[in-house]
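Nothing fancy with the numbering, it's 1 onward along the sequence.
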Amino acid sequence: QGHLVESGGGLVQTGGSLRLSCAASGRALSRYAMGWFRQPPGKEREFVAAISWSGGSKYYAESGEGRFTISRDNAKNTVYLQMNSLKPEDTAVYYCAQGAQPWGTPSKMEDYGYWGQGTQVTVSS
């Protein structure tokens with residue numbers, strides 16, 4: 001099935017920004033919704049954002065609304081999550097995921113069939 005590989009995580013101060021990337025190898029992203037989830041330490045994995053296969057529809061959890069932007073470049077087989085105005089509560093391992101079906105902007109884990117390995121985001125102070 002190939003791989004989804006996240007990158008771009010790191011340590012940033014409160015109010016800073018990061019851009020996460022999710023690169024697909026061995027498959028095309030086109031025709032599949034993509035999502036970002038995160039898992040804070042000791043907590044359940046939670047939905048962050050989703051984007052439709054064409055990029056025309058986006059859906060965000062309230063936690064990131066107004067601060068996060070999901071985008072995709074199907075020609076590059078890459079999905080992005082731009083995170084601005086970061087807060088300590090954004091600290092988590094961030095995962096990208098490919099939708100199990102080629103429609104919508106799903107927000108539930110069970111609607112995604114393929115996952116990356118995650119990248120750590122730590123927001124200090």
Determine whether [X] and [Y] make a side-chain contact, defined as any pair of heavy atoms from C-beta on separated by less than 4.5 Å.
X	Y	value
W36	E6	yes
C96	V79	no
F68	I70	no
T69	K58	yes

Set of side chain to side chain donor-acceptor pair (under 3.5 Å) partners for T122, sequence neighbours left out: Q120
Can you name the closest pair of heavy atoms from A33 and P106 and give their distance? CB-CD, 3.8 Å
Looking only at non-hydrogen atoms, find the nearest pair between L4 and Q98 and report the distance.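 Heavy atoms of L4 and Q98 come nearest at CD1-N, 3.9 Å.
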Distance col, row Y60:OH vs L81:CG, nearest 0.5 angstrom, shows 8.0 Å
Going by salt bridge (charged side-chain N to carboxylate O under 4.0 Å, His left out), name the residues that satisfy it together with D90, two or more places apart in sequence or in a different chain. R38, R67
Only pairs at least two apart or in different chains count here, so list each salt bridge (charged side-chain N to carboxylate O under 4.0 Å, His left out) that has a residue in residues 97-121. none
With sequence neighbours left out, which residue pairs that include part of residues 69-88 fulfil the salt bridge (charged side-chain N to carboxylate O under 4.0 Å, His left out) condition? none
When clusters are formed from ILVMFWY side-chain contacts under 4.5 Å, directly or step by step, what else is grouped with Y59? F37, F47, V93, Y95, M109, Y112, W115
side-chain contact (heavy atoms from CB on, under 4.5 Å) assessment of S57 paired with T105: CA-CA 7 Å; S57 297; T105 52; 4.0 Å; yes
Donor-acceptor pairs under 3.5 Å, side chain of residues 13-22 to any protein atom, not counting sequence neighbours: which ones?
{"from": "T14", "atom 1": "OG1", "to": "S124", "atom 2": "O", "distance (Å)": "2.9"}
{"from": "T14", "atom 1": "OG1", "to": "S125", "atom 2": "O", "distance (Å)": "3.2"}
{"from": "S17", "atom 1": "OG", "to": "N84", "atom 2": "OD1", "distance (Å)": "2.8"}

Verify same cluster id: L86, V48 (apolar side-chain graph, 4.5 Å): yes
E65, CD atom: more than 12 neighbouring heavy atoms under 6.0 Å: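 Atom CD in E65 is crowded, with more than 12 foreign heavy atoms closer than 6.0 Å.
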